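Single-structure report; data block below.
None of the values given here were measured: they were computed from a predicted structure. All residue numbers in this chain count up from 1 along the given sequence.
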Amino acid sequence: QVQLVESGGGLVQAGGSLRLSCAASGRPFSILTMGWFRQAPGKEREFVAAISWSGGSTAYADSVRGRFTISRDSAKNTVALQMNSVKPEDTALYYCAAAYTTQATSVPSRYVYWGQGTQVTVSS
């Protein structure tokens with residue numbers, strides 16, 4: 001089992017920055033691909049970003065590429081999502097997830113473990 005706990009959400013003005021963090025515990029963190037997903041009210045959960053166990057493979061949704069950066073610290077068992085130039089449409093509940101894949105993946109069904117989510121609200 002892997003437990004994931006997100007933090008860092010909050011209220012931010014459009015154009016500002018926010019950094020989300022996810023702490024993992026349980027099975028060896030280094031063998032997991034980590035991803036961030038989000039879900040806005042009335043919408044389906046969507047992929048945001050992912051990073052492979054080695055950090056050598058990353059993937060981003062087109063809507064966040066160039067503004068968000070995913071990174072991981074295997075020594076600390078954490079993964080972060082740096083969100084810059086945020087927009088009101090980035091408002092959502094952000095989830096951290098873990099998958100047993102060697103490459104970063106955007107496919108939700110590949111992710112086995114999920115956190116409870118952290119709310120991000122961007123005001124215009």
Nearest non-hydrogen partners of R72 and S52, listed with the distance: NH1-O, 2.8 Å
Between Y100 and I70, is there shared hydrophobic-cluster membership here, with clusters defined by ILVMFWY side-chain heavy atoms closer than 4.5 Å? yes
For V122, is there any backbone N or O sitting under 3.5 Å from a side-chain donor or acceptor partner on T91? yes
Flag, side chain of T118 to backbone of E6, donor-acceptor distance under 3.5 Å: no
Cluster overlap L81 with V12, hydrophobic side-chain contacts below 4.5 Å: yes
Rounded to the nearest 0.5 Å, how far does CG of N84 lie from CZ of R19? 9.5 Å
Value for CH2 (W36) from CD (E46), rounded to nearest 0.5 Å, stands at 14.5 Å
Mind checking the CD-CD spacing from E44 to Q39? Nearest 0.5 Å is all I need. 8.0 Å
Lys/Arg N to Asp/Glu carboxylate O, D62 vs R65, below 4.0 Å: yes
Is there a donor-acceptor pair under 3.5 Å between the side chain of R67 and the backbone N or O of S85? yes
In terms of hydrophobic clustering (I, L, V, M, F, W, Y; side-chain heavy atoms under 4.5 Å; direct or indirect links), are L93 and Y111 co-clustered? yes
Are V79 and F47 connected in the hydrophobic side-chain network, where two residues link if heavy atoms are under 4.5 Å apart? no
Evaluate the side chain to side chain contact (heavy atoms under 4.5 Å, CB included) criterion for residues S63 and R38: first the C-alpha distance (whole Å), next the side-chain angles of each, then the deciding distance (0.1 Å), finally the verdict. CA-CA 12 Å; S63 59; R38 66 186 182 187; 3.5 Å; yes
Mind checking the OG-CZ spacing from S17 to F68? Nearest 0.5 Å is all I need. 9.5 Å
Measure from the side-chain N and O atoms of T69 to the backbone N and O of Q82, and report whether any donor-acceptor pair falls under 3.5 Å. no
Mutual orientation of the aromatic rings belonging to Y95 and W114 [parallel < 30°, tilted 30-60°, perpendicular > 60°]: perpendicular
Heavy atoms from other residues, nucleotides or ligands near CD of Q3 exceed 12 (cutoff 6.0 Å): yes
Residue pair A40 / A92: nearest heavy atoms and the distance that separates them: N-CB, 3.8 Å
For Y60 and A49 the tightest heavy-atom approach is CD2-CB, 3.6 Å
Check this for me: R110, atom CZ, are more than 12 non-hydrogen atoms of other residues, nucleotides or ligands nearer than 6.0 Å? no
If you measure only the distance, is there a donor-acceptor pair under 3.5 Å linking the side chains of T101 and T33? yes
What one should report as the nearest heavy-atom pair of S106 and F37 is O-CE2, 3.9 Å
Which atoms form the tightest heavy-atom contact between S124 and A14, and what is the distance? CA-CB, 4.3 Å
Do V120 and L4 share a hydrophobic cluster, counting only Ile, Leu, Val, Met, Phe, Trp and Tyr and linking them when any side-chain heavy atoms are less than 4.5 Å apart? yes
Roughly how far, to the nearest 0.5 Å, is the CG atom of L11 from the CG atom of L18? 9.5 Å
CE (M34) and OG (S74) are apart, to the nearest 0.5 Å, by 10.0 Å
